Amino acid sequence: MKILITGAKGQVGTELVTEAKQRGHDVYGFGSRELDISNLEQVNTIVRNIKPNVIINAAAYTAVDNAETEHEQAYAVNSLGSKNLAISCKELDIPLMHISTDYIYDGEKPSPYLESDPPNPTGIYGASKLEGDQKIEQIWPKHIILRVSWVFGNHGNNFVKTMLRLAEQRDELSIVDDQFGAPTSAKAISTCLLDILEAKQFNQPQYPWGVYNFQSDPGVSWYNFAQEIFQQAKESGLINKTMQLNPIPSSEFPTPVKRPANSKLDGHKLLKSLHLKPADWKSDLNNMLTNIK
Ligand SMILES: NC(=O)c1ccc[n+]([C@@H]2O[C@H](COP(=O)([O-])OP(=O)(O)OC[C@H]3O[C@@H](n4cnc5c(N)ncnc54)[C@H](OP(=O)(O)O)[C@@H]3O)[C@@H](O)[C@H]2O)c1
């Protein structure tokens, strides 16, 4: 399949390009410098020229706290960029696969979020991502919006890399223990998206387009996640000390944007409609640490 991937140099984009090539697809990956999704003319020119069978949008403005002072940039990429890709996909009558976030929710729900739960973002990043999801839904029905949380992987910045860096400088860390979610590897997201588009029924009449949560198991707090990172890092010989971890409430680690207390996503719809199981983040973490080593 001829696949055009935007945001190809990000955490998820890099995995997507690598894995799609390994699976034998004809891959056209673009970083932000080669294809700025907020520029409709550029999007149209490149898409019309390549004529892909599907576009996967891994591009986004992801600086959650900076978005509070950079509204325009966040909306340009996350809302207008998504809209532009939907317009372009509609013109060519090709599916658009897009990635959404747990940050469209306020995190007040006590149980895992369903795709049908009402969104209520607490910051500009979440609001701009939500607007992008809505634009796609309004413009082009042939879409898969995969909603994910707490992404980590070998490429780019993420919590795992921050923990490993801090372990080089300190022996003791205080980590938030009242925000719960599910770490999800960029690799698992890439595998899920490619499994979706390689399935026999993909893009057939009556295909169940729409929003799908991609669940990862088990759910944990950031403190539990850090415990697992350091345990695995020690077992694999990546670090040679036992980190002293102290659980703290979010109130002791203030951030410009309030993070959702509950980021857990319910993955039953993906399992029932598209037969895809939740990811196992502990084993993905193990693979990541092995790669780093
Ligand atoms: N990271 C998380 O924890 C998390 C959680 C939930 C959902 N998500 C979602 O998952 C998706 C992938 O996230 P990620 O973690 O892979 O993000 P990432 O590492 O920040 O990658 C995003 C990529 O988008 C590119 N980009 C920015 N503006 C662009 C533009 N105008 N045109 C084209 N490309 C542009 C960036 O390129 P430059 O670096 O050159 O700007 C970057 O390479 C996003 O939709 C994100 O909202 C992420």
Side-chain angles (χ1 to χ4, degrees), residues 4-19 28-43 46-47 55-67 70 72-85 88 96-105 107 113 119 121 123-133 135-136 143-162 179 181-190 192-193 211-216 222 225 257 259-260 263-265 279 281 284:
L4 191 156
I5 298 169
T6 60
K9 293 181 179 151
Q11 286 199 87
V12 176
T14 309
E15 292 291 353
L16 271 166
V17 170
T18 308
E19 189 175 350
Y28 295 80
F30 292 91
S32 61
R33 289 195 182 177
E34 302 99 53
L35 173 53
D36 173 2
I37 62 166
S38 66
N39 181 334
L40 180 60
E41 209 183 311
Q42 203 178 50
V43 169
I46 291 177
V47 174
I55 293 180
I56 307 182
N57 180 27
Y61 177 104
T62 55
V64 176
D65 290 326
N66 292 348
E70 296 181 351
E72 268 185 41
Q73 290 98 312
Y75 275 95
V77 186
N78 295 342
S79 174
L80 181 61
S82 305
K83 178 183 171 188
N84 290 343
L85 292 170
S88 199
L96 173 59
M97 305 184 86
H98 175 78
I99 307 165
S100 181
T101 170
D102 51 312
Y103 277 48
I104 66 153
Y105 299 116
Y113 279 93
I124 297 297
Y125 166 72
S128 62
K129 287 288 296 178
L130 174 62
E131 202 174 273
D133 295 359
K135 299 256 190 244
I136 293 171
H143 63 258
I144 291 288
I145 297 176
L146 196 70
R147 191 157 288 145
V148 305
S149 66
W150 294 19
V151 180
F152 70 92
N154 285 93
H155 310 279
N157 297 319
N158 52 66
F159 186 75
V160 179
K161 288 200 181 169
T162 303
Q179 290 168 26
T184 310
S185 76
K187 177 78 170 77
I189 297 168
S190 148
C192 178
L193 287 168
V211 181
Y212 289 89
N213 289 338
F214 182 45
Q215 184 190 346
S216 193
W222 289 112
F225 188 18
V257 177
R259 270 48 175 176
S263 275
K264 274 290 286 167
L265 302 169
W281 66 262
D284 290 344

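Note that the structure is a prediction, hence the values are computed from the model and not measured. Note that ligands are numbered from 1 as they come in the structure, with each ligand's atoms numbered from 1 the same way.
Considering only non-hydrogen atoms, atom 36 (C) of ligand 1 lies nearest to Ala60 out of Gly13, Gly31, Ser149, Ala60. Considering Val77, Thr14, Val151, Thr184 only, the shortest heavy-atom separation from atom 5 (C) of ligand 1 involves Val151.
Considering backbone and side-chain N/O of Ser32, one or more are found under 3.5 Å from N/O of ligand 1. In terms of polar-atom proximity, Thr62 is counted as a contact of ligand 1, with an N or O under 3.5 Å from an N or O of the ligand. Checking only distances, Tyr61 never comes within under 3.5 Å of ligand 1, N or O to N or O. Taking any N or O of Ile37, backbone or side chain, at least one lies under 3.5 Å from an N or O belonging to ligand 1. Any N or O atom pair closer than 3.5 Å counts here, and Lys129 shares at least one such pair with ligand 1. Geometrically, ligand 1 and Val12 share a nitrogen or oxygen pair separated by less than 3.5 Å. The shortest N or O to N or O distance between Thr101 and ligand 1 is not under 3.5 Å. Residue Gly10 has at least one nitrogen or oxygen atom sitting less than 3.5 Å from a nitrogen or oxygen atom of ligand 1, judged on distance alone.
The aromatic rings of Trp281 and Phe225 lie perpendicular to each other, with more than 60° between the two planes, well past the 30° mark. In this pair, Tyr103 and Tyr125 present their aromatic rings perpendicular. The plane angle is above 60°, beyond the 30 to 60° band.
Short contacts between ligand 1 and Leu35, defined as distances under 4.0 Å to a heavy atom of the residue, involve ligand atoms 32 (N), 33 (C). Ligand 1 places these atoms under 4.0 Å from at least one heavy atom of Ala59: 24 (O), 33 (C), 34 (N), 35 (C). Heavy-atom contacts of Asp36 reach the following atoms of ligand 1: 30 (C), 31 (N), 32 (N) (cutoff under 4.0 Å). Annotation for ligand 1: atoms under 4.0 Å from non-hydrogen atoms of Val148 are 6 (C), 7 (C). For ligand 1, the atoms sitting less than 4.0 Å from at least one non-hydrogen atom of Asp102 are 6 (C), numbered in the order shown with element in parentheses. Ligand 1 places these atoms under 4.0 Å from at least one heavy atom of Ser100: 7 (C).
The pair Arg259-Asp102 does not meet the salt-bridge criterion, since no charged nitrogen lies less than 4.0 angstrom from a carboxylate oxygen.
Listed for the Asn78 side chain is a donor-acceptor partner under 3.5 Å among the backbone atoms of Tyr61.
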Does Ser263 form a side chain to side chain contact (heavy atoms under 4.5 Å, CB included) with Trp150? I'd like the steps, not just the answer.
CA-CA 8 Å; Ser263 275; Trp150 294 19; 3.8 Å; yes

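Closest to atom 47 (O) of ligand 1, if we only count protein heavy atoms, is Tyr125 OH, 2.7 Å.
For atom 10 (O) of ligand 1, the nearest protein heavy atom lies closer than 4.0 Å.
With sequence neighbours left out, the side chain to side chain contact (heavy atoms under 4.5 Å, CB included) criterion links Ala76 to Ser38.
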